[in-house]
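Only one structure is covered here, and it is reproduced in the block below.
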Amino acid sequence: MADDIEDYLRQLLAGVDGLEGIVISDRDGVPVVKALNSDIPEAASRPGFLATFSMATEQASKLGLGANKSLVCFYDNFQVVHLNFMPLVATLLARVDANTGVLLGMTAQLYDSIQQLKEAVDGV
């Protein structure tokens, strides 16, 4: 199943201009499945970096504004979009000039694949 999902993620990479990587990880930042182009810095797919969304979401929930659905971060050369599918998180790594709205709109495209992974993770 993970191979099928990785193939699907690679198709998404090819179809979205500026998208360089997709990592599906658990709440601790441990990658479950990923598809990365060679341009992505290795640090961007490490658990320590990927876990930042879970920590930020936990803190943001204390504001009383409801569940956090996404987090967008811009860096000098890249942008990172974290999408909340707790207990899993989809992290989209893209060039800084990629269309952020398109990246945020990928939630629906990723939903079915993430649901399959959730069921597999819950069964372990």
Side-chain angles (χ1 to χ4, degrees):
M1 175 179 51
D3 290 337
D4 293 339
I5 294 173
E6 183 179 344
D7 291 341
Y8 178 66
L9 297 180
R10 292 209 173 278
Q11 289 174 5
L12 290 176
L13 283 180
V16 177
D17 189 41
L19 183 59
E20 299 292 333
I22 302 172
V23 181
I24 310 298
S25 60
D26 67 9
R27 72 179 69 227
D28 296 321
V30 177
V32 177
V33 63
K34 60 185 174 180
L36 301 172
N37 289 340
S38 60
D39 296 351
I40 295 296
E42 184 181 331
S45 63
R46 289 190 183 148
F49 177 76
L50 296 172
T52 57
F53 176 77
S54 295
M55 291 183 288
T57 294
E58 183 179 321
Q59 293 302 311
S61 69
K62 295 176 183 176
L63 296 173
L65 300 173
N68 185 3
K69 296 179 182 180
S70 61
L71 177 71
V72 180
C73 301
F74 289 93
Y75 299 92
D76 290 337
N77 298 316
F78 288 96
Q79 61 179 295
V80 179
V81 177
H82 297 281
L83 302 172
N84 188 356
F85 294 98
M86 287 299 177
L88 299 176
V89 175
T91 301
L92 310 178
L93 305 156
R95 292 190 313 258
V96 73
D97 62 346
N99 186 324
T100 307
V102 170
L103 298 174
L104 288 168
M106 291 181 69
T107 302
Q109 291 174 286
L110 291 167
Y111 182 81
D112 289 336
S113 296
I114 301 262
Q115 290 307 314
Q116 291 176 20
L117 283 173
K118 273 184 174 181
E119 291 171 13
V121 169
D122 288 341
V124 173

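We number each residue from 1, following the sequence as shown.
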- Task: Apply the side-chain contact (heavy atoms from CB on, under 4.5 Å) test between V33 and each candidate in D4, I5, I22; give the one that qualifies.
- Result: I5
- Task: Answer with yes or no whether the hydrophobic clustering places L83 together with V30; edges join I, L, V, M, F, W, Y residues whose side-chain heavy atoms lie under 4.5 Å apart.
- Result: no
- Query: Quick one: are F49 and V80 in side-chain contact, heavy atoms under 4.5 Å?
  - Reply: yes
- Item | Side-chain heavy atoms of V72 within contact of L103, under 4.5 Å | no
- Message: Let me confirm one number: the CG-CE distance from L71 to M55, rounded to the nearest 0.5 Å.
- Response: 11.0 Å
- Query: Taking C-beta and beyond as the side chain, do K69 and L104 meet within less than 4.5 Å on heavy atoms?
  - Reply: no
- Query: Is there side-chain contact between F53 and S25, with heavy atoms separated by less than 4.5 Å?
  - Reply: no
- Message: One pair to check against side chain to side chain contact (heavy atoms under 4.5 Å, CB included): T100 and F74. What are the steps and the verdict?
- Response: CA-CA 10 Å; T100 307; F74 289 93; 3.5 Å; yes
- Where S54 and R27 come nearest, the two heavy atoms and their spacing: OG-O, 2.8 Å
- Side-chain touch R95/D17, heavy atoms, less than 4.5 angstrom: yes
- Message: Let me check something: do L13 and L117 share a hydrophobic cluster, defined by ILVMFWY side-chain heavy atoms less than 4.5 Å apart, either directly or through other members?
- Response: yes
- Note on the structure: What one should report as the nearest heavy-atom pair of Q109 and Y8 is O-OH, 2.8 Å
- Task: Measure across V32 and D26 and return the closest heavy-atom pair with its distance rounded to 0.1 Å.
- Result: CG2-N, 4.1 Å
- Query: Transitively linked via ILVMFWY side-chain contacts under 4.5 Å: L12 with L88?
  - Reply: yes
- Query: Counting only N and O atoms by type, is there a donor-acceptor contact under 3.5 Å from the side chain of S61 to the main-chain atoms of E58?
  - Reply: yes
- In one Ile/Leu/Val/Met/Phe/Trp/Tyr side-chain cluster, 4.5 Å: I114, L9: yes
- Minimum heavy-atom distance between E6 and A35, given as atom pair plus value: O-CB, 4.3 Å
- Query: Rounded to the nearest 0.5 Å, how far does OG1 of T57 lie from NE2 of H82?
  - Reply: 9.0 Å
- Message: Same cluster or not: V102 versus Y111, using hydrophobic residues (I, L, V, M, F, W, Y) connected whenever any side-chain heavy atoms lie under 4.5 Å apart?
- Response: yes
- Flag the pair L110 / L92 as yes when at least one side-chain heavy-atom distance between them is below 4.5 Å, and no otherwise. yes
- Task: Indicate the atoms forming the closest heavy-atom contact of R10 with L36, along with that distance.
- Result: NH1-O, 3.7 Å
- Message: Could you check whether any side-chain N or O of N37 sits under 3.5 Å from a backbone N or O of D39, counting only pairs where one atom can act as donor and the other as acceptor?
- Response: no
- Is a side-chain donor or acceptor of E20 paired with a backbone partner of A94 at a separation under 3.5 angstrom? no
- Note on the structure: In terms of heavy-atom contacts, G29 and L50 come closest through O-CD1, 3.5 Å
